[in-house]
Each structure stands twice: as structure tokens, then as C-alpha cells.
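Okay, structure first, notes after.
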Amino acid sequence: MSRLETHGLVIDVPGRSGGDPLDLALLPGQVWGVLGPNGAGKTTLLHTLAGLRPSRAGRVEVDGVPLTRLRRRRVAQCLGLVFQEHHDGFPATVEETALIGRHPWLSPWQMETAEDLALAHCALARLDLAELGGRQVATLSGGERQRLAIATLLAQEPGVWLADEPTNHLDLHHQVAVMRLLDEQAAGGRAVMMCLHDLNLAARWCDHLLLLYPSGEACWGPTDRMLVPAALERLYGQRLASAEVEGSRVFVAVP
Ligand SMILES: Nc1ncnc2c1ncn2[C@@H]1O[C@H](COP(=O)(O)OP(=O)(O)OP(=O)(O)O)[C@@H](O)[C@H]1O
């Protein structure tokens with residue numbers, strides 16, 4: 001189980017002069033949603049948290065240790081990232097791709113063990129991909145490809161899940177299944193942060209929200225304190241109507 005913290009973190013969004021410093025604590029058991037309009041910096045934030053991009057100021061810490069001091073292998077054991085776009089570098093099957101999730105746990109040149117294979121199969125089955133193990137990834141549909149990315153992270157077993165629009169390309173059933181999976185990960189002591197465009201998924205599944213404005217302004221806190229219609233309307237530059245449905249707040253954009 002890992003704890004991810006930022007101290008005075010200013011993400012490096014090209015062309016943006018400033019940005020509120022972020023002092024976040026993503027704790028085991030928490031599910032954070034990152035909301036903001038296109039270009040606000042959500043992906044940049046996730047990539048910065050994963051150590052894939054330098055920050056402009058401040059630092060990211062995993063379990064109290066600056067990310068920059070950790071070896072990449074250790075980072076990959078602690079943090080897992082579902083990318084918004086999937087680029088397949090070389091031809092691979094679904095099973096081989098899920099097994100990549102086990103690489104942070106193997107020594108250099110070590111072959112995957114039967115246990116690694118079992119974990120990959122279990123992850124594929126959890127994402128309804130058991131039947132597709134032998135298929136080339138390039139032949140998958142968009143939703144299948146997205147579920148494979150999540151299955152690969154499940155096989156990786158990181159303490160912190162960073163997911164960039166995890167419901168991209170997914171039908172309604174699989175959207176709920178993936179949100180339930182992320183919720184279970186948190187219930188099992190992992191920490192989850194995801195970028196979302198769907199306010200209703202954020203309201204239903206996230207216990208904390210970070211609102212990123214295009215200016216670089218940011219605010220964060222428990223979901224019930226952040227789902228203020230006026231603040232959300234300012235965030236998106238969009239009028240919203242809201243209602244309570246089965247105990248959840250639901251938002252609809254009003255043309
Ligand atoms: N390599 C780059 N060169 C120039 N501009 C970049 C680069 N990477 C990101 N940007 C810009 O930084 C801004 C933030 O991008 P980012 O992908 O973090 O936004 P986002 O909030 O995730 O958006 P979306 O909701 O569209 O996914 C955007 O305006 C984007 O065009």
C-alpha cells in the first residue's frame with residue numbers, strides 16, 4: 001500500500017505562466033477524481049505524478065520518499081498508470097500484454113512464473129477478456145483495448161492507481177464494472193486517482209475531487225464539498241442542472 005503526496009507541486013503546462021501549487025495527499029483507501037475542461041492539465045498532472053514529466057516546482061513523494069530518488073522499477077511497483085491513448089509499440093497478444101504488468105516484479109531476464117501467468121489470466125477474466133488471450137492487440141476494439149490496459153494494471157498490482165479517463169470507449173455496463181473495480185482496489189487499501197469528464201461518475205464513485213481550471217487555479221477536497229454547481233459551472237463554462245437520483249447527485253448540461 002502506498003501513499004502519494006505532492007508538496008508545492010506546480011505542473012508544467014506549456015504556455016501557462018502560473019498555476020496554484022498542489023499540496024495533495026492521496027492516501028490508501030481513497031478514490032480521487034480530477035475534473036477540468038479540455039487542456040486544463042489533467043493528463044499533465046497524472047504524468048507528473050508518475051514521474052514521466054518534470055514539474056515546474058515542488059515535488060512528488062511516495063511513502064515520504066521523493067519520486068526522483070526512487071529507481072524506475074520501484075516506481076512501477078508503487079504506481080501504475082492507465083494512459084488516455086494506447087500506442088502499441090510492437091505486435092503482441094492480449095495475454096503477453098497483460099503479462100507486461102508483472103515486469104516490475106521480475107528480475108532482469110527472469111521469465112514470468114506460473115504465478116505471474118495466473119495473475120495475468122485472473123486480471124483478464126476480471127475485465128471480461130479471458131476469451132481473447134491469444135488475440136493480437138491490434139485487432140481489439142477500442143473498449144476491449146481500454147479494458148486490456150486496466151487488466152494490465154490489475155496484474156501489475158501497484159499501490160497507487162493513476163487512471164486517465166478509465167471509462168474511455170467503454171459501454172455503460174463496463175463503465176460501471178471498471179468503476180466498481182477501482183472502488184474495490186481502494187477498499188483493499190490501494191489509492192486511486194482518475195481523470196474524468198463524466199461528473200456523474202465522479203459524484204458516484206470518488207470520495208475526493210480535484211478541480212483544475214484552465215488558468216492553473218486548483219481546488220480540492222471531499223466530494224460533497226466540491227460538487228457545488230456554481231463552481232462546476234465556472235469550471236466548464238457550462239450551465240448545469242442537477243438532481244438527486246438513487247442517493248447520488250446527477251448533473252446534466254443545459255444547452
Ligand atoms: N508536448 C506538448 N507541447 C505543447 N503543448 C502541450 C504538450 N503537452 C501538452 N500540451 C498542452 O498542455 C495543455 C494541457 O494538456 P493536458 O493533456 O494535460 O490536458 P487535459 O486536461 O488532460 O485535457 P483533455 O481533457 O483534453 O484530455 C493543453 O493545452 C495541451 O495542448
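Numbering of ligands and ligand atoms starts at 1, following listing order. For clarity, every value in this text was computed on a predicted model and none was experimentally measured.
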Nearest 0.5 Å please: distance from the CG atom of Asn200 over to the CH2 atom of Trp205.
13.0 Å

Atoms of ligand 1 close to Gln84 [distance to a heavy atom under 4.0 angstrom, numbered from 1]
27 (O)

Backbone of Gln136 reached by a side-chain donor or acceptor of Glu96 within 3.5 Å
no

Test of proximity, Gly41 against ligand 1: N or O pairs below 3.5 Å
yes

Please could you name the atoms of ligand 1 that His197 approaches to less than 4.0 Å, counting only its heavy atoms?
25 (O)

Distance filter under 4.0 Å to Glu165 heavy atoms, resulting ligand 1 atoms:
27 (O)

Nearest 0.5 Å please: distance from the NE2 atom of His103 over to the CG atom of Asp116.
8.5 Å

Ala40 heavy atoms, cut-off 4.0 Å: which ligand 1 atoms fall inside?
19 (O), 21 (O)

Minimum-distance pair of heavy atoms, taken over all atoms of Leu240 and Val254
C-CG2, 3.8 Å

Using a 4.0 Å cut-off to any heavy atom of Arg53, which atoms of ligand 1 qualify?
8 (N)

Taking only heavy atoms of Pro37, which atoms of ligand 1 are found under 4.0 Å from at least one of them?
21 (O)

Leu49 and Leu81, any side-chain heavy atoms less than 4.5 Å apart
no

Could you tell me which atoms of ligand 1, counted from 1 in the order shown, lie closer than 4.0 angstrom to a heavy atom of Thr44?
14 (C), 15 (O), 16 (P), 18 (O)

Going by the order shown, which atoms of ligand 1 are within less than 4.0 Å of some heavy atom of Val13?
12 (O), 13 (C), 14 (C)

Does a sphere of radius 6.0 Å around CD in Glu244 hold more than 12 heavy atoms from other residues, nucleotides or ligands, not counting ones at 6.0 Å or beyond?
yes

Top protein contact for atom 23 (O) of ligand 1, by heavy-atom distance:
Gly39 N, 2.9 Å

Is the shortest side-chain heavy-atom distance between Leu232 and Leu227 below 4.5 Å?
yes

Tell me whether Gly36 has any N or O atom under 3.5 angstrom from an N or O of ligand 1.
no

Shortest protein contact, atom 17 (O) of ligand 1 (heavy atom only):
Thr43 CB, 3.5 Å

Quick one: does any side-chain atom of Arg73 pair with a main-chain N or O of Pro104 as donor and acceptor, under 3.5 Å?
yes

Establish whether atom 13 (C) of ligand 1 and some protein heavy atom are separated by less than 4.0 angstrom.
yes

Mutual orientation of the aromatic rings belonging to His208 and Trp32 [parallel < 30°, tilted 30-60°, perpendicular > 60°]:
parallel

Give yes if a backbone or side-chain nitrogen or oxygen of Pro14 is under 3.5 Å from a nitrogen or oxygen of ligand 1, and no if not.
no

Under-4.0 Å protein heavy-atom contact, atom 1 (N) of ligand 1:
no

Atom 25 (O) of ligand 1 within contact range, any protein heavy atom under 4.0 Å:
yes

Do Leu52 and Val60 share a hydrophobic cluster (ILVMFWY, side-chain heavy atoms under 4.5 Å, transitive)?
yes

